[in-house]
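Structure first, commentary second.
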Amino acid sequence: MNYFRLAVAGVVLTAGFAAAAQATTLETVKQRGKLLCGVTTGLAGFGAPNDQGQWSGLDIDLCKGVATAVFGDPTKVEFKPLNAEQRFTALQSGEVDMLARNSTWTLHRDTGLGLDFVAVNFYDGQGFMVKKELGVKSALELKGATVCVQEGTSTEKNLGDFDKVNNLGMKPVKFKENDQARGTYDEGRCDAYTTDASGLAAERTALKNPDDNIILPEIISKEPLGPVVRHGDNQWGDIVRWTHYVTLIAEEKGITQANIDDVKAKNAAGTDGADPEVQRMLGVTDKLGEEMGLTNDWAYNVIKAVGNYGEIFDRNVGPKTPLKLERGLNALWSKGGLQYAPPYN
Amino acid sequence: MADISADTTANNNLNAQMEPGLRPSLPPPTLETGAVGWLRHNLFSSWVNAILTVLALYILYLIIPPFLAWAVFDATWTVPPLAAGVEDHPPQFADCRANAGACWIFVEARLPQFVYGFYTAEQRWRVDIVFLILAVSIFGLLSERIKRKKELAIFFFAIFPILAFWLLYGGLGLEVVETRLWGGFMLTLILSGIGIVFSLPLGVLLALGRRSDLPVVHMLCVVMIEFVRGVPLITILFMANVMLPFFLPPGVEFNVLLRVLLGVTIFAAAYMAEVVRGGLQALPKGQYEGAMAMGLGYWQMMRLIILPQALRIAIPGIVNNFISLTQDTTLVAIVGLYDFLNIVRAGSRDTNWLGTEIEGYVFCALVYWIFCFAMSRYSMHLERKLHTGHKKR
C-alpha cells in the first residue's frame with residue numbers, strides 16, 4: 001500500500017509541476033466560470049442534499065464562500081461528492097479545486113500527499129455515548145464495557161489507544177457502517193457507542209429515545225476538520241484560508257448577513273468612530289483584496305452570501321437544528337474556543 | 001361394527017341398482033382433494049416435511065407480524081399537525097417519533113428527488129415524457145395485441161434513444177441539464193436500459209466471434225470476453241474514476257456518466273456473450289448443416305435458422321443477466337453518481353432525516369423487486385410462448 005502511495009505521489013508531483021507551469025488555480029477557476037468543490041457524499045450537518053435537492057451543510061457553506069470570494073456569486077460552484085478513498089486523488093489530479101469534506105488534518109496528509117490543509121472550520125474529537133440508566137458519568141468508568149464502533153476507521157484505533165492507556169479492558173463490537181453500530185447500540189447490545197462528537201450528536205437524533213442517552217464529557221482524540229488545497233499554489237490556499245477567517249472576524253465584530261449593509265454604511269470612508277479593520281475588510285479603505293487577486297469588497301460579498309461563522313454554525317449544526325451541537329471548541333477564542341483569525345491588516 | 005355393515009349394505013345396493021359400467025364415479029376421498037389434499041401432498045407428505053412446515057410457519061410468525069406492525073400499523077403515513085409551542089419546520093424525522101413504526105413521510109417528502117435526482121425542477125416534465133414514451137413503447141413491443149411490431153421496433157431502437165437524449169440533456173431549444181444533475185430512479189433506468197439494449201447485440205456479436213473460424217476475430221473476442229469477465233465491475237468503475245484522471249492532462253475530463261455507461265455495457269456484453277454461446281452450442285450440428293445445405297450464407301443462416309433457436313434456449317440466462325445488470329447499476333455509487341439506491345441513502349444523511357435508513361432501504365428493496373420480478377415474469381411468459389417441445393413440463 002505504501003509503495004502504491006509513493007507511486008501515486010510521484011505521478012501527482014509530476015502532474016503538479018506540469019500544472020504549475022500552466023496556470024494558477026485562481027486563473028483556472030475564473031476561466032472556467034465556476035468553482036469545483038469536493039464535498040462529502042452525505043454527512044449530516046456537513047454536506048447532504050436537502051428535500052429540494054440543494055446541497056447544504058457547514059462544508060457546503062465554505063465552498064459557497066470561496067465561490068463568492070472569487071465571483072461575488074455563491075451559486076457559481078459545482079459540488080463534487082467524493083468518498084473517503086477518492087477525495088485526495090480527486091484533488092491531486094485537479095478534478096476539484098479544493099476539498100471541504102470533513103477531512104482530519106494529520107501530518108501525513110499535510111506533508112506526504114502533496115496537499116495543504118489551510119484552515120480548521122470544525123474542531124471535532126472522538127467521544128462516547130451511553131444510556132442514562134447505566135449511571136456512568138465519565139468514560140473512565142467504562143471498565144469492561146462493550147463498545148459499538150465502526151471498523152477500519154481512526155475511530156477504532158483511537159478507542160484501542162484510549163483503552164490501553166487507561167487499562168479499561170473494553171470490548172469493541174465492530175461494524176462496517178456507522179448506522180449499524182448505532183442501531184446495535186440502540187438495541188442495547190452495547191453499553192456504549194463511540195464516534196466523533198459531532199457524529200454522536202447526529203446519531204443521537206436517530207435513536208428511539210434520544211433523551212435517554214448522554215454524551216460523556218471526555219474527548220479522546222483531536223480531529224481538526226478543514227478545507228484542503230493542492231500543495232504549491234499559495235495564492236489559492238490564501239484565498240480559501242481567508243474566506244474562513246473573514247467569517248470569524250465578522251462574528252467577532254458582530255457583523256451578520258442581515259446587518260452588514262448597516263455596518264458598511266456606518267463605516268463609510270471618513271466617518272467618525274469607524275472601525276479601521278472593518279473598513280479594510282469591507283473594502284472601504286485600502287486595496288487588500290486586490291493583493292489576493294480578488295476584488296476589494298470580496299469579504300463583504302462572502303459575509304453577505306453565507307453569513308459569519310456563528311451563523312453558518314447555527315444554520316447547519318447549531319442548537320436549533322436536529323443535531324443540537326454546542327459551540328464548544330468551535331467558539332471564538334474570545335469566548336473560550338479555538339476559532340481565532342489573524343487580523344485583517 | 002354396525003356402521004361398517006351398514007356401509008357394505010349401501011354399497012351392495014349401489015351395485016345392485018347399476019348396470020356394469022354405468023356406475024357414476026365416486027368422488028375422490030376428501031383427504032386427497034381440495035385444500036386438505038393440497039396440504040397433505042405439499043406440506044405434510046412425510047414427518048420430516050411436517051416438521052419443516054411447522055418450523056417454517058413459526059419463523060414466518062416471528063417475522064411477518066412485527067414487520068407488518070412496523071411497516072403498516074404503527075407507521076407514520078402523514079405529517080402530524082404541529083404540536084403547541086413547536087416552531088414551524090419542514091417535515092423531519094422528529095415528526096415520526098410519536099409512532100413506533102416506519103417513517104414513511106421521509107419517502108413522501110423525498111419522492112421527487114428519488115425519481116429525478118438533482119434534475120432541474122422546472123424541467124422535470126421532460127423526464128416524464130421520456131418515461132411515458134418508454135412505457136408505451138415497451139407495452140407496444142411486448143403486448144401481443146399490438147401489431148406493426150417492425151415500425152415500433154425501428155422507433156424504439158433507432159429514434160427513441162436520440163429523442164430521449166435530446167429531451168433529457170437538452171440543446172436545440174431546450175435548456176441544457178448537465179448529466180451530473182441526473183440521478184435517482186431516472187439514472188437507474190438509463191443505466192440499466194442502455195446496458196440492456198446495447199449489451200444483447202454486442203454480446204451476440206462477441207459470441208459469434210468467439211465461435212468464428214477466422215483466427216483474428218476469434219482471438220480478439222476471446223481476449224475481450226475473458227479480460228472483462230476476469231475483472232469485477234467495481235474495479236473497472238473505480239479505475240475509470242480514480243486512476244484515469246492521473247493519466248490525462250490536467251483539466252481534461254471525460255463525462256463520468258459516459259465512462260460509467262461504457263463500462264457497464266462492455267461488462268454486461270461479455271457476460272451476455274457467454275450466455276448466448278451456451279445457446280449456440282446447445283443446437284445440434286444438423287441445424288447448421290441443414291442451413292448450409294439450403295444454400296444460405298453465414299449471416300442468413302445465423303439470422304434465419306441459428307440465432308432464433310439459440311436465443312430462445314438462452315432466454316433464462318439472458319434475463320438473468322438483465323436482472324443482475326439492473327442490480328449492478330447500484331455500484332455507480334462509488335464513482336459519485338446518485339443512482340436510486342445512493343440518493344435514498346444520501347437522503348437519510350440529511351440532518352432532518354437521520355434515522356430513516358431502514359425506511360429507505362425497504363423502499364428501495366420494494367422498487368427493485370417490482371422491476372426485477374416483472375422482468376422475470378415476462379421471461380417466463382416468453383418461454384411459454386416460444387416453447388417448441390424442448391420444455392420439460
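Values reported hereafter were calculated over all heavy atoms of this structure, with side chains retained and with hydrogens, waters and symmetry mates removed. So you know, we letter chains A, B, ... as the sequences are listed, proteins then strands, and number each from 1.
- Contact annotation for A/Ala90: neither backbone nor side-chain heavy atoms come within less than 4.5 Å of a heavy atom of chain B.
- No more than 12 heavy atoms of other residues, nucleotides or ligands shown are found within 6.0 angstrom of CD on A/Glu326.
- With a threshold of 4.5 angstrom between heavy atoms, A/Leu82 does not approach chain B through any atom at all.
- If you measure heavy-atom distances from B/Arg345 to chain A, you find no contacts under 4.5 Å at all.
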#### Entry: Chi angles and distances behind the side-chain hydrogen bond (donor to acceptor under 3.5 Å, both in side chains) call for A/Tyr193, A/Asn213
CA-CA 10 Å; A/Tyr193 166 55; A/Asn213 300 273; over 6 Å; no
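- Checked against a 6.0 Å centroid threshold, the rings of B/Tyr361 and B/Tyr368 do not count as neighbours.
- If you measure heavy-atom distances from A/Ala44 to chain B, the contacts under 4.5 Å come from both the backbone and the side chain.
- No donor-acceptor pair under 3.5 Å is formed between the side chain of B/Trp353 and the backbone N or O of A/Asn50.
- In this structure, no portion of A/Arg32 lies under 4.5 Å from any heavy atom of chain B.
- Remark: the A/Ser103 side chain and the A/Arg87 side chain contain an N/O donor-acceptor pair separated by less than 3.5 Å.
- Between chain B and the options A/Glu78, A/Glu203, A/Arg182, A/Gln52, the largest number of non-hydrogen pairs under 4.5 Å is found for A/Glu78.
- Using modelled atom types, no side-chain atom of B/Arg124 and backbone atom of B/Tyr116 make a donor-acceptor pair closer than 3.5 Å.
- Proximity to chain A is limited to the side chain of B/Tyr338, based on heavy atoms less than 4.5 angstrom apart.
- With a 4.5 Å cut-off on non-hydrogen atoms, A/Gln54 does not touch chain B at all.
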